[in-house]
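Note that the structure is predicted; figures quoted are calculated from it, not measured. Order of appearance sets the numbers: ligands from 1, and atoms from 1 within every ligand.
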Amino acid sequence: MKPVSVNTIQKYKNENKKITALTAYDYSTAKYIDEAGIDIILVGDSLAMVALGHENTLSITVDEMMIFTKAVTKAVKNSFVVVDMPFMSYQTDKKTAIENAGRFIKESGAKAVKLEGGSPYITDIVEHCVNIGIPVLAHLGFTPQFLNTIGGYNIQGKNAENTQKILTEALKLEKAGAFGLVLEMVPEECAKVITENLKIPTIGIGAGRYCSGQILVCDDILGKYSDFTPKFARKYADMASLIKNAANDYKNDVVEKNFPSENEVFFINKEEKEKLDKIKCK
Ligand code: KIV
């Protein structure tokens, strides 16, 4: 199997073949997701919430994202790894933004970065990154790093005017060279118009059936993160129960002296055992 690249992703859009994407934050999860043949693995800043227990994504830093991204890239052979640029790693000035994007590519092994928003400032950063060889995945609709200005986890693009605004920004991001666009929490009619008017693929999360591909948070599909489950997050496993049951069974085995068994311990050889038996407590 050939590793997924920006060309593969564009080819899928051109051939109307759906693109698959999931988040991953650690080595073993990334390994299995890669082996399952998922096209894009996003080391999303959602890890601040689902892996680190923060209230939102705003507090995670470049150094923290770097640790998780390195773990993921070590495991991945074929999926295209994208890392989220965390809040305030690209918002202050363009030089800092480019330097941080470059750090992610050089140090973490990710192939691309994701930035939220579609202002002229962001579009400029996208263009600069692409010009120096850093692929960028754009992100519009509900953008979690704008949580406090949006005023909550609110659906975006609910009317024609707002959809037009998102489309205008999307077209500028496409022109700037973004290889794809994450569209989060917009009605599917809005996502459909945007998808049909772009040459680059849209990757939807809570954006309906007409996007070029879909992304979900891995802890949501695994049933592992239970603090908040969005309407669009389909659950494919119940890891919360698996973990609780396994921990409970282990606890019972230890308490009831069923663990460890003879097969789960180390022994010294016969000769040493005989010497050991002669040791007397003084
Ligand atoms: O941080 C994240 O997980 C995201 C989503 C698009 C999945 O940005």
Side-chain angles (χ1 to χ4, degrees), residues 9 18-26 29-30 33 38-62 64-69 71-72 79-91 101 104 108 110-118 122 126 135-147 150 153-157 166 170 173 178-186 191 194-195 200-208 211-222 224-225 227-236:
I9 294 161
K18 292 284 186 190
I19 298 156
T20 57
L22 274 175
T23 67
Y25 318 116
D26 66 273
T29 311
I33 292 176
I38 294 292
D39 301 314
I40 299 173
I41 293 183
L42 172 71
V43 186
D45 58 1
S46 52
L47 82 82
M49 297 167 77
V50 301
L52 300 179
H54 295 308
E55 196 187 329
N56 53 50
T57 62
L58 301 176
S59 53
I60 195 144
T61 65
V62 169
E64 287 170 325
M65 289 297 294
M66 200 68 82
I67 293 170
F68 291 90
T69 313
V72 166
S79 305
F80 189 73
V81 178
V82 181
V83 54
D84 247 335
M85 299 267 303
F87 182 56
M88 294 314 286
S89 69
Y90 58 102
Q91 284 89 346
F104 275 119
S108 77
K111 296 275 166 47
V113 296
K114 176 163 83 59
L115 307 183
E116 295 184 11
I122 297 292
V126 172
V136 180
L137 181 59
H139 185 160
L140 293 174
F142 176 73
T143 40
Q145 292 178 11
F146 292 78
L147 177 67
I150 292 173
Y153 291 87
N154 303 331
I155 299 163
Q156 304 295 299
I166 299 173
L173 288 161
F179 73 86
L181 171 70
V182 169
L183 264 181
E184 181 161 353
M185 266 178 29
V186 296
I194 292 164
T195 304
I200 57 170
T202 56
I203 317 284
I205 172 157
C211 290
S212 325
Q214 298 289 332
I215 182 161
L216 282 175
V217 167
C218 66
D219 290 54
D220 285 338
I221 72 155
L222 297 174
K224 198 166 162 238
Y225 183 68
D227 289 5
F228 169 69
T229 312
K231 174 183 177 183
F232 51 80
R234 189 180 292 182
K235 199 166 131 180
Y236 289 85

Expected output: side-chain D39 to main-chain A21 donor-acceptor under 3.5 Å: no
Sorted by chain and number, the residues that approach ligand 1 to under 4.0 Å with a heavy atom: T23, L42, G44, D45, S46, D84, K114, H139, V182, I205, V217
Test item: L22 and L216 side chains (from C-beta on) under 4.5 Å apart, heavy atoms: yes
Test ring pair (Phe, Tyr, Trp, His ring centres under 6.0 Å) applied to F142 - qualifying residues, sequence neighbours left out: Y153
Separation between CG of L58 and CG of L147, rounded to the nearest 0.5 Å: 6.0 Å
Polar side chain donor-acceptor pair, D84 to Q145, under 3.5 angstrom: no
More than 12 heavy atoms of other groups within 6.0 Å of I155 CD1: no
